[in-house]
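Presented below is the structure to which this report refers.
Chain A is the first sequence line, chain B the second, and so forth, proteins listed ahead of strands; every chain is numbered from 1.
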Amino acid sequence: MELITDKHIKAKLTQMEQPYFISVKNICLSYNNFPVLENISFQIKKNEITTIVGPSGTGKSSLLYAFNRMTDFNPNVQVTGHIYCCNENYLTTKDIATVRSKFGLVFQKPNPFPVSIYKNLDIPLRENSKLSKTARKEKIISCLMSVGLWEEVKDRLNQPAQQLSGGQQQRLCIARCLVLDPELILMDEPTSSLDPISEAKIEELMVKLKDKVTILLVTHKMNQMRKVSDNVIVFWPKNNKTEVLTYGTVDQVLYKKDNNTFVSQYLNS
Amino acid sequence: MKNKIFILTSWLSFFTFFAIFFAVTGNIIFTGLDNFSFSFLFNTFNNSGRDGGISTIIISTLIIVAFALFVSVIISILSAICIDYFSKNIRITKILKLSIDTLSATPSIVFGLIGNIIFCEFLGLGYSLISGSLTLALMILPIQTRIILIGLNSVPKDIRLGAYALNLKPFTSYFRIKIHLIKKQILSGTFMGLGRSLAETAALLFTSGYGVKMPSSLLDSGRTLSIHIYDLAMNVPGGNENAYKSALTLILLVFIISLITATIQRRFNLGQQEFVWN
Amino acid sequence: MKYLLILALITFTQHSYAKKNQVLLTGSSTVAPIMLDIASEFEKLNPNSIIEVQTGGSTRGIIDIKRGLSQIGMISRALKPNENYLKHKTIAIDGLGVILHSANKVTKLTKQQIKDIYTREITNWKDLGWIDKPITVVHKAEGRSTLELFLSYLGLKNSQIKPHLIIGDNEQGIKTVTGNPYTIGYVSIGAANYNIKNKAPLKLVALDGVKANRANIINKSYPILRSLNLIYTGNLAEPSRKLLAFTAGPEALKVLERHYVISPQ
Amino acid sequence: MSLAHNKTEDYLFKGLLLVGLLFSLSIFVVLFFLIRSGGHFFISTSISETLFFDQWFPSEQLFGLAPMITGSLLVSALSLALAGPFSLILAFFYFYICPLKLKSALNIFMDIFLSIPSVVFGLWGLVVVVPLLAPLFPPGQGLFTASIILAMMILPIGFKTFVATLQTIPNECLLAAKSCNLSEWSVFKDIIFKSYKRKFFVGFLLQVTRAIGETMAVLMVCGNIIQYPDSLFAPIRTLTTNIALEMSYATDFHRTSLFFCGLLLIGFIFILLLISRTDEMKYEK
């Protein structure tokens with residue numbers, strides 16, 4: 001039985017850590033009651049890129065999906081804990097619609113809808129907002145411009161999205177999240193299935209988007225982490241459970257004195 | 001708001017299906033169950049079906065359906081691969097697909113005629129289990145080919161390109177790689193074939209005949225459950241009661257088989273995956 | 001290609017097709033259930049003989065006999081003049097009864113009344129002394145022996161009859177009539193009697209005052225009668241001849257009794 | 001891999017391919033035998049006389065098939081109109097909305113429904129549906145009852161094929177739809193229906209061809225009267241019921257006319273496929 005009710009934690013939180021946009025408090029995630037994450041806590045600053053790194057299998061992507069409440073469809077995943085954003089626990093609220101529109105999710109493999117490019121953005125927009133047709137068109141054009149796709153696709157908007165290249169498709173997915181003007185974009189190894197050139201474009205795009213939206217990135221690529229992110233959270237397995245080893249700004253974490261050898265090796269690879 | 005109506009109509013369709021289902025099967029179960037004794041399943045046929053059992057009929061049904069499925073699974077995989085192999089050449093695929101579709105659309109009564117002429121007379125097999133099951137195989141072949149073809153077409157492009165890149169011989173690329181990907185379609189195609197063959201009456205009437213004795217070989221005439229139901233319901237006065245009982249046994253048979261296939265699907269996780277997020 | 005296929009099939013069927021003491025009967029679907037029972041009685045008495053009974057209709061019985069596919073044919077009508085090269089043996093006599101729903105108040109019909117009903121001169125039950133409801137006329141499909149018998153009794157051609165519903169076998173006719181109280185149809189008396197015994201809401205109508213019961217059929221006063229015949233070509237193998245003799249025997253009589261048909265003696 | 005091993009596999013594959021090819025062309029074997037027994041019907045009676053003539057009395061050498069053709073078309077069209085959309089929505093419900101526990105139950109019940117013999121449907125129709133409809137719309141048996149029974153029979157076929165088509169949709173695409181918080185209706189309308197319209201065609205095609213081909217169930221509930229139906233509840237006769245009714249008692253020329261009905265049915269379906277083939281080909285190019 002929880003002694004401290006949500007209200008207490010929320011009150012304490014608001015006056016102490018105002019700059020923190022999202023605060024994650026003791027998340028426990030278990031995959032058909034085999035514990036993967038054990039009370040993980042960290043904070044995400046607004047308009048900054050936070051990266052979660054760590055060896056594979058430590059449940060990074062699982063946490064990301066928990067943010068967007070995708071775990072509700074999987075009966076054998078149990079998530080408990082608090083994700084506070086604008087004093088609302090997003091993990092347990094009933095109003096999934098706002099959670100999904102606030103937290104956009106970009107998958108590892110680009111997955112545009114099997115419809116035309118324009119429709120790919122128009123469908124979610126029409127579904128989640130009451131804008132008129134022309135207003136929607138402007139928003140879509142502005143999103144396509146912000147992801148740098150507009151020049152490439154402006155004359156073939158009605159062609160199926162499958163005909164775009166891998167990098168373009170991933171950028172279309174990012175645009176699809178942007179169209180709902182989210183506050184946080186979750187990216188699950190967005191560039192792992194792309195060639196280096198489009199990977200560089202995506203990274204460049206992430207930095208550009210920083211002023212509009214906060215980004216939570218999960219990646220294996222250390223140079224990408226160094227190049228792009230502002231602060232880092234390191235997940236490290238300890239007796240088959242994952243715990244947050246260190247977190248802070250990139251330079252704090254990288255040049256910390258007492259890192260054990262494996263961690264520094266891993267971080268500087 | 002539209003979404004609410006849509007969800008409502010889909011739930012409605014779900015319940016109407018169950019309503020129809022229980023209306024039809026309920027009628028069978030209700031009339032079939034009164035004084036339904038298990039001896040009905042085991043003792044043999046007498047008094048033209050009015051009060052005897054249906055043991056011989058169940059056995060000849062299983063033989064016919066099993067043999068038909070056996071033949072049609074192999075041939076449908078081959079013809080699906082053949083269509084997929086020629087998919088580059090538009091003209092050939094067009095002809096093949098057209099012929100498969102026309103075959104799948106041929107009415108069962110025409111299959112009865114054709115089976116009678118080809119298997120009973122031309123090949124001289126006469127009224128026998130084998131001509132019945134071959135006609136059945138011919139009938140369920142197109143449905144299975146069609147579903148396996150859907151599977152083959154949905155093989156992801158990169159696996160297909162990978163096979164070309166490695167310059168694999170067609171035999172290996174089909175029988176060693178792609179066949180594992182379409183196991184699910186093969187199973188669901190076989191099951192649809194099974195369902196269709198158990199439900200078939202018109203075609204078998206003229207091919208596998210009317211025989212009620214225990215078939216000693218594939219060349220003996222044997223009567224399937226659905227023909228037995230037809231004969232009792234339509235031909236033998238007073239056969240109504242046993243007709244419903246045999247219909248009940250048929251439904252129990254199918255229920256058990258569908259449970260088995262459901263467990264097979266779950267054990268080899270052939271079933272279609274849910275939206276597992278990782 | 002054909003021989004290859006048969007070879008493949010025969011390899012795993014050790015059963016040789018033409019057995020010496022096998023008798024194959026094909027033909028009318030009304031005679032088949034009766035012959036099935038007689039055959040099983042026959043097999044109980046002489047175990048090494050195997051009797052195969054197949055349906056397919058009277059015409060199939062005649063075609064198979066002509067082509068020598070089967071030893072004995074079953075037809076539910078008398079032989080036509082152009083078929084007199086075949087020998088026949090009547091195993092049973094069955095009448096054709098006009099059936100009504102049991103709620104129907106009409107009990108007897110004259111030949112002229114039936115003729116008017118089937119050619120839609122009379123279209124309402126109140127003309128026959130019942131309530132004011134349209135008559136639903138149930139008729140049989142082309143080619144059936146019961147149809148030919150009924151037409152010859154009424155002296156009409158099939159194109160003159162205007163039915164509301166056409167049915168195939170007897171049981172379908174019985175179910176149609178029991179389903180709708182305002183219908184009139186005709187089926188074999190044996191089938192109708194069996195259903196009446198099983199409390200089906202059905203009744204047989206007296207034709208021109210002659211009630212449709214066993215006595216009237218035996219003394220042949222009932223107007224529409226038909227003989228169920230076994231037909232064969234001249235040369236008969238030994239088991240078939242024994243089977244033919246057996247059909248007149250005491251066990252066969254009990255089977256005829258069960259099927260509510262009358263033996264020819 | 002040794003070269004020898006390679007060679008035998010090639011021949012093996014060629015052989016298997018040949019078997020596959022032969023059996024996928026087995027429709028021509030069927031046509032050959034049908035024409036062999038039903039063909040010379042053409043020589044003696046002109047086509048126009050049979051196809052557009054409405055008197056069918058074989059004993060009096062009248063072979064008019066027109067009413068039966070209309071009967072067949074109407075029954076299958078009406079049953080498709082009833083069962084087609086119903087099975088599509090049910091398939092989508094099964095695929096996207098249905099909670100996990102209900103899914104296996106629905107699947108098993110659908111399999112049972114698929115294997116109920118058509119005789120049982122006919123019997124159920126004759127014993128339950130017809131007495132219900134008889135007082136309201138005499139004579140009870142007719143076009144409407146036959147279409148309801150047929151719609152019930154072709155429902156599982158549509159359901160199975162639509163589910164098989166839906167299963168080919170990549171999983172990520174649906175995950176993306178969920179993550180963008182799309183409602184079920186927009187997923188169905190915009191994503192699935194818009195892009196998979198052609199693929200659903202196969203399901204409808206299988207349904208309508210099965211409806212045209214159905215015999216036993218229709219035989220018991222359609223009234224079998226040779227006429228153009230004047231109302232929705234008027235009795236009709238389809239080509240298949242005609243064959244079933246008269247096949248066992250047809251003498252030589254009548255028998256060939258019934259084979260000709262079989263040929264006509266296949267011709268029907270052939271034309272139906274050709275029409276559907278042209279636009280499916282456009283989609284594949």
Side-chain angles (χ1 to χ4, degrees), chain B residues 2-3 6-7 9-10 13-14 17 20-21 24 27-28 75 78-79 81-83 85 96 98-110 113-114 117-118 138 141 147 150 154 169-171 185 188 191-192 195 198-199 201-202 226 229-230 233 247 251 254-255 258 262 272-273 275 277, chain D residues 6 9-10 12-13 16-17 19-21 23-27 30 33-34 37 86 89-90 92-93 97 104 108-109 111-120 123-124 128 152 160 164-165 167-168 171 174-175 183-185 206 209 212-213 215-216 240 243-244 259 262 265-266 269-270 273 277:
Chain B
K2 254 194 277 181
N3 186 35
F6 178 71
I7 292 181
T9 35
S10 34
S13 72
F14 174 74
F17 165 69
I20 298 171
F21 178 81
V24 177
N27 172 16
I28 298 170
I75 295 173
L78 295 186
S79 54
I81 287 173
C82 162
I83 294 174
Y85 182 75
L96 288 182
L98 208 54
S99 87
I100 281 282
D101 283 347
T102 342
L103 194 65
S104 81
T106 342
S108 54
I109 192 80
V110 174
L113 307 184
I114 287 301
I117 294 175
I118 299 177
L138 210 59
L141 169 71
I147 293 196
I150 292 178
S154 71
K169 288 281 174 288
F171 182 85
Q185 272 77 12
S188 80
F191 200 76
M192 244 175 120
L198 276 174
T201 14
S226 45
I229 296 166
Y230 168 75
I251 287 179
V254 169
F255 187 73
S258 58
Q272 32 95 10
Q273 333 78 321
F275 318 122
W277 36 266
Chain D
N6 238 329
E9 264 186 16
D10 273 359
L12 186 60
F13 184 74
L16 294 178
L17 211 60
V19 171
L21 191 68
F23 273 96
S24 29
L25 296 175
S26 49
I27 183 70
V30 170
F33 279 102
L34 259 181
S37 348
F86 185 86
I89 291 176
L90 199 61
F92 180 76
F93 170 82
I97 300 167
S104 48
I108 286 175
F109 280 128
D111 292 340
I112 295 176
F113 214 58
L114 188 72
S115 57
I116 294 180
S118 46
V119 176
V120 174
L123 195 60
W124 180 74
V128 172
M152 281 196 253
K160 283 250 169 224
T165 327
Q167 276 165 359
T168 57
N171 219 351
L174 292 167
L175 277 177
S183 68
E184 285 77 3
W185 169 244
L206 280 178
T209 40
I212 291 181
T215 345
M216 282 301 158
T240 49
I243 297 175
F259 275 103
L265 274 168
I266 296 188
I269 293 152
F270 199 73
L273 292 172
R277 194 63 49 202

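Contacts between B:Ser188 and chain D at a heavy-atom distance below 4.5 Å are absent for every atom of the residue. Contacts of B:Leu98 with chain D are made by both backbone and side-chain atoms, with heavy-atom separations under 4.5 Å. The parts of B:Ile109 that come within reach of chain D are both its backbone and its side chain, each placing non-hydrogen atoms under 4.5 angstrom from that chain. In this structure, chain D has a heavy atom under 4.5 Å from the side chain of B:Asn27, while its backbone stays farther away. For a residue to count as touching a neighbouring chain, one of its non-hydrogen atoms must lie under 4.5 Å from one of that chain's; by this rule B:Tyr85 touches chain D with the side chain only.
Per-residue heavy-atom pair counts under 4.5 Å with chain B were compared for D:Leu206, D:Leu12, D:Leu17, and the maximum is reached by D:Leu17. Most heavy-atom pairs under 4.5 Å with chain B: of the set D:Val128, D:Thr165, D:Leu265, this distinction falls to D:Leu265. Chain B forms the most heavy-atom pairs under 4.5 Å with one residue out of D:Ile116, D:Ile112, D:Ile266, D:Thr209, and that residue is D:Ile112. Chain B forms the most heavy-atom pairs under 4.5 Å with one residue out of D:Ile89, D:Thr240, D:Leu16, and that residue is D:Leu16. Considering only heavy-atom pairs separated by less than 4.5 Å from chain D, the leading option among B:Thr106, B:Leu198, B:Ile75 is B:Ile75. Contact count versus chain B (heavy atoms, under 4.5 Å) is highest, among D:Ile212, D:Thr215, D:Val19, for D:Thr215. Ranked by heavy-atom pairs shorter than 4.5 Å toward chain B, the options D:Asp111, D:Thr168, D:Leu25 are led by D:Asp111.
Taking the six-membered ring wherever Trp is involved, the centroid distance between the rings of B:Phe17 and D:Phe86 does not fall below 6.0 Å.
The aromatic rings of D:Phe93 and B:Phe14 are tilted relative to each other, their planes meeting at an angle between 30° and 60°.
Here the closest non-hydrogen pair linking D:Trp185 and B:Lys2 is NE1-CD, 3.6 Å. The shortest heavy-atom contact between D:Met216 and D:Ser118 is CB-OG, 3.5 Å. The minimum heavy-atom distance between D:Val119 and B:Ser226, with the atom names listed, is CG2-O, 4.4 Å.
At least one side-chain heavy atom of D:Phe259 sits less than 4.5 Å from a side-chain heavy atom of B:Ile117.
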* To do: Report the C-alpha separation of B:Ile100 and D:Ile27 in whole Å, then their side-chain angles, then the decisive distance to 0.1 Å, and conclude whether the side-chain contact (heavy atoms from CB on, under 4.5 Å) test is met.
  => CA-CA 7 Å; B:Ile100 281 282; D:Ile27 183 70; over 6 Å; no
* Candidate pair B:Ile28 and D:Leu123, rule side-chain contact (heavy atoms from CB on, under 4.5 Å), full reasoning -> CA-CA 10 Å; B:Ile28 298 170; D:Leu123 195 60; over 6 Å; no
